[in-house]
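Worksheet: the structure to be examined is printed underneath.
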Amino acid sequence: MIIINTPHNPSAQVLTPEDLNQLAALTRNSDIVVLSDEVYEHILFDGRKHCGMATHPELAARSVIVSSFGKTFHVTGWRVGYCLAPAELMTELVKVHQFMMYAADTPMQVGFAQYLQNAENYLSLSAFYQQKRDRLVALMQDSPFELLPCAGSFFMLASYGHFSDEPDSEMVKRLIVDYRVATIPLSAFYMDGTDNKLIRLSFAKDEATLEAGAAALCAFPQ
């Protein structure tokens with residue numbers, strides 16, 4: 001199995017049609033299954049289109065696609081997602097699902113069904129979050145942190161290695177204690193704790209929170 005995530009958390013990068021072609025070539029004439037995490041499928045920026053496994057017929061035939069109503073409709077705490085796969089794979093997935101959770105509760109399913117009636121509820125997400133991304137970038141212009149490009153999701157990476165050798169876990173603790181800003185150390189995403197002096201910011205916040213967080217990060221000494 002090859003596990004894919006696009007748009008990617010935490011790097012905020014997205015796969016392109018050429019990436020899919022290369023993945024198809026890599027898995028051709030094999031029994032490899034692709035597990036594709038596409039929970040941020042409706043949050044891409046600067047005119048990009050989501051290139052999920054279902055957009056490539058060869059990959060669609062060997063992929064299990066996972067997505068999330070919770071991410072799409074701003075209720076991540078509900079933990080309701082869905083899965084797509086070819087019939088022979090879905091048959092086996094349903095057997096596992098039966099003994100893991102059986103079904104999401106009825107009120108949440110009804111609520112999502114109603115929201116899905118209006119496509120604008122999810123097709124407008126890119127513009128909604130791009131405005132927040134651009135706002136955070138503007139607010140961080142005077143910050144010592146260097147923001148990395150963000151092509152999708154509602155996260156952005158910030159580099160600090162050019163002014164500090166502090167471990168990212170310690171940097172995150174200091175930001176919480178001294179500046180009241182909560183971020184995520186990128187080393188948390190590595191099994192071996194690789195530290196590239198990067199922290200993850202989220203811009204899925206209201207305007208006041210973005211302004212307060214950015215102001216605190218701009219006040220951080222180099």
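Computation of the quantities below employed the complete heavy-atom set of this structure, encompassing side-chain atoms and omitting hydrogens, waters and symmetry-equivalent molecules. What you are looking at is a predicted structure, and each value in this text was computed from that prediction instead of being measured. All residue numbers in this chain count up from 1 along the given sequence.
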| query | Would you say Y160's side chain and I199's backbone share a donor-acceptor pair under 3.5 angstrom? | reply | no
| query | What about F128 and H74, are their ring centers closer than 6.0 Å? | reply | yes
| query | How are the rings of Y82 and F69 set relative to one another: parallel (under 30°), tilted (30 to 60°) or perpendicular (over 60°)? | reply | tilted
| request: Quick one: sort the F203 and F45 rings into parallel, tilted or perpendicular, breaks at 30° and 60°. | output: tilted
| field | Option among R135, K132, K205 that satisfies the salt bridge (charged side-chain N to carboxylate O under 4.0 Å, His left out) test with E211 | value | R135
| Note, L116 side chain near F73 side chain (heavy atom, < 4.5 Å) | yes
| query | According to the interplanar angle, ranging from 0 to 90°, do the rings of Y40 and F155 count as parallel (below 30°), tilted (30 to 60°) or perpendicular (above 60°)? | reply | perpendicular
| query | Between M53 and L15, is any pair of side-chain heavy atoms under 4.5 Å apart? | reply | yes
| query | So do P10 and I184 actually touch side chain to side chain, heavy atoms under 4.5 Å? | reply | no
| message | Measuring only between side-chain heavy atoms, which start at C-beta, is L175 closer than 4.5 Å to L217? | response | yes
| message | Would you say the rings of W78 and F112 are close, in the sense that their centroids are separated by under 6.0 Å? | response | yes
| If we only count heavy atoms from C-beta on, is the P7 to I43 side-chain gap below 4.5 Å? | no
| Heavy-atom check, side chain of T6 versus side chain of D19, under 4.5 Å | no
| query | What is the ring orientation for H42 with Y122, classed by angle as parallel under 30°, tilted 30 to 60°, or perpendicular over 60°? | reply | tilted
